[in-house]
Amino acid sequence: MSPAPPDRTSLRDRPEHSSSSPLSIHAMTVAYDRKPVLWDVDYDAPTGRLVAIVGPNGAGKSTLIKGCLGLVPLASGVVEYRGRPLEEVRQRIGYVPQRESVDWEFPVSALDVTLMGRYGRIGWCRPIGRRHRAAARECLERVGLAGLENRQIDQLSGGQQQRVFLARALAQEADLYFMDEPFAGVDAATERAIVEVLRDMRDAGRTVIVVHHDLQTVPEYFDEVLLLNMRVVAAGPVEDAFTRENLQKTYGGRLTLLAEAAEAIARGRRGRDRG
Amino acid sequence: MNSLDPALDLFPLAASILAAITCGVLGNFLLLRRESLMGDAISHGVLPGLVIGFLITGDRSPFTMLIGATVAGIATVLLVMLVRRLGRVEAGAAMGVVFSVLFALGVLLIERAARQTDIDADCVLHGQLETLAWYDAPALWRDVPAWTTIESIPRQVWGLVIACLLACGFVIAFFKELRLAAFDPGLASSLGLRPRAIDLVTMVLVAIATVASFEAVGSILVIAMLICPAATARLLTDRLSRQVLLSVVVAIATAVLGYRAATVVPSWFDDESVNAAGSMAMTAGIILVAAILLAPVHGVVSRSIRSRRLARRIAVDDLLATLLRTEEARSPDAVPASAVNLLRPPKPAAIERARRSGLVEGRSGSDLRLTEDGRRVARDVLRRHRLWETYLVEEAGLSPDHVHDPAEVLEHLGPIPSIRSSRDPHGRPIPDPD
């Protein structure tokens, strides 16, 4: 059984998705090594809100982000940003990967990393102008790192490194942001600083979608939640969707059943391929 | 022979320097992506490509060679990715398997074609710098610019000039993209800056550098130059732009020193000169070892000096704190001392150092007293120690009889806990800051 051909048609004719939504995901399925990680995800993000993606380990939270950004191939599904495909709007979409995903011994300064957020805007082969440097410095100030701009990134604490990533996202001046666990392993002061910056972004009309692992702080930090465990369990304003029942569905018994089903299918496919 | 002769040395030296720069510049990005071995893989993998190119067309023109080798270089990269994915082995193992197999294939093909060709595996490995001798050269170096014509420059040198321009031009034009692709391919790709394409072009350039170099300097030098100058420069700076510039300087120095060493060093032992490419690769290794030992911040020596200095400071600090604690224990309102039993006897070297710095006076033993300066330092150490003890009990929830040892370490380090208290968990006073 080969995977269904990717459904590349536009979502314009699908009334359940709105072309005014900063992010519309339709029927996204992603598989690693034939083992499905995300199944048939449908989601429309609201404008100007902070959205938490919540779910257990292996629920496909990072994969959802990577699928939206075209960093992993989709087995099927369509992603649109205000009714347009990713290729047309790349510069308007920001990405903050997990802190461990990069080599912090890399020979660059905090300012160098922040400036990377502006590379798309600067364009291929063009030198980095003074205007961009000034903008990047301002972003470092906004996250409370003024004076550390020439520090090699290895000489920063974990919390400061995370703030550099945030400054880089700010420097990109995108409309929609994906952040993968920006609160992982940071100190209390950094956590407060990050929340403050996120709220500023929201108040400026940006949409920020954050993979978050601390259930306790979801109602305090976020407006919307997307409960994910291979498929969307619930999504919507925190008051409506972040309920005990939905959490149970996300983290509880159903998870193991679904995971087993996926496992069985993957095994079946492998067996068939050999035979 | 102790001076350079235009006829024998001009073009070999120029070829060596050009090859060193080309590989040195590209090596920076292989190093940062932890793919240095890929250069090794490509430079071995191109061998069958060279031979097949020759066997198909029957001529040894650089263009045929370049096509064959570039195809083989790209095939090496793709094969490594394939073996890695299908064989589920780590990158190093995949590269090792692919390049040794391809190189072996190249050697077999050469043997098979031996009668028709003058390529052999040896010349691929260490090159034939001697073929670059310029028999019509002027006797004096100052006549060289006037005598040099386009025709007098050997084909191999032209190839290296082109490869060098390509590599340097690529790195300068795409510096920003190369930096991002190596640091954070995820962001690069989300911005549409195609990290995979950049990676592929880098690999193709490595293949071109290998082909351009192999005839003159051989692949041993290519491998050494892809790794050593970049690794040396990485130890000397923490900024990528400076690292790339330094790697070029190191590459040039390596080529010149290595080339000279090939004739000069054996002459000390009344021996004949050795293969220059081999000598340059050795020099690259020696310079890297020197950088590992002597680099200002990341070097072994400076790190050990720093840690020895810290150890000395700690020994003196501990001595001063012990003296202050002893004074405290003698005073009438002293808290009964159990902790004094925990104090280690001071090292004689620490006493000597403290006396020289004017921190203590008197002879050793019970006669040793703190000076005013010494008392100030001791009060600071004791203050840090007791603040840490208080912090560990109140904030970290340790029991009072478990906090001395960690506080003994923490008192010597940078941070001071922000805690307000006048007594430590054992009831002893915490000295005020000066």
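Quick note on labels: first sequence line is chain A, next is B, and so on, each numbered from 1.
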Original post:
Who among A:Asp112, A:Ile93, A:Leu69 has the most heavy-atom pairs with chain B under 4.5 Å?
Top reply: A:Asp112
**OP:** Would you mind checking which part of A:Gln172 comes under 4.5 Å of any heavy atom in chain B, side chain (CB onward), backbone (N, CA, C, O), both or neither?
**Re:** side chain
Subject >> Salt bridge B:Arg242-B:Asp238, side-chain N to carboxylate O under 4.0 Å >> reply: no
Original post:
chain A heavy atoms under 4.5 Å from B:Arg85: which part of the residue, side chain, backbone, both or neither?
Top reply: neither
**OP:** Examine whether an atom of B:Ala182 lies under 4.5 Å from a heavy atom of chain A, and if so say whether it belongs to the side chain, the backbone or both; otherwise answer neither.
**Re:** both
Original post:
Out of B:Ser189, B:Ala188, B:Ser190, B:Pro185, which one racks up the most heavy-atom pairs below 4.5 Å with chain A?
Top reply: B:Ser190
**OP:** Using the six-membered ring wherever Trp is involved, compare the ring planes of B:Phe174 and B:Phe170 and label them parallel, tilted or perpendicular (cut-offs 30° and 60°).
**Re:** tilted
Original post:
What part of B:Leu31 is in contact with chain A, defined as an atom under 4.5 angstrom from a non-hydrogen atom: side chain, backbone, both or neither?
Top reply: neither
**OP:** Compute the centroid of each ring, for A:Trp104 and then for A:Phe165, and state whether the two points are separated by less than 6.0 Å.
**Re:** yes
**OP:** Below 4.5 Å from any heavy atom of chain B, which atoms of A:Arg168 appear? Answer side chain, backbone, both or neither.
**Re:** side chain
Original post:
Relative to chain B, which segment of A:Val113 carries a heavy atom at a distance below 4.5 Å: side chain, backbone, both, or neither?
Top reply: side chain
Original post:
Is any side-chain N of the basic residue among B:Arg34 and A:Asp103 closer than 4.0 Å to the acidic one's carboxylate O?
Top reply: yes
Subject >> Side chain, backbone, both or neither of A:Leu115 within contact of chain B (heavy atoms, under 4.5 Å) >> reply: neither
Original post:
Within 45° of the six-membered ring axis of A:Tyr81 and under 6.0 Å from that ring's centre, is NZ or CZ of A:Arg84 located there?
Top reply: no
Original post:
salt bridge (Lys or Arg N to Asp or Glu O under 4.0 Å) between A:Lys61 and A:Asp180: does it pass, once the steps are laid out?
Top reply: CA-CA 8 Å; A:Lys61 305 185 292 286; A:Asp180 204 342; over 6 Å; no
Original post:
Does any N or O in the side chain of B:Glu90 come within less than 3.5 Å of the main-chain N or O of B:Gly92, such that one atom is a donor and the other an acceptor?
Top reply: yes
**OP:** Answer yes or no: is there a donor N or O on one side and an acceptor on the other, between the side chain of A:Arg118 and the main chain of A:Glu173, under 3.5 Å?
**Re:** no
**OP:** Mind ranking A:Ser109, A:Ser101, A:Gly120 by heavy-atom pairs under 4.5 Å with chain B and telling me who comes out on top?
**Re:** A:Ser109
Original post:
Looking at B:Arg179, B:Gln243, B:Lys176, B:Arg234, which makes the most heavy-atom pairs under 4.5 Å with chain A?
Top reply: B:Lys176
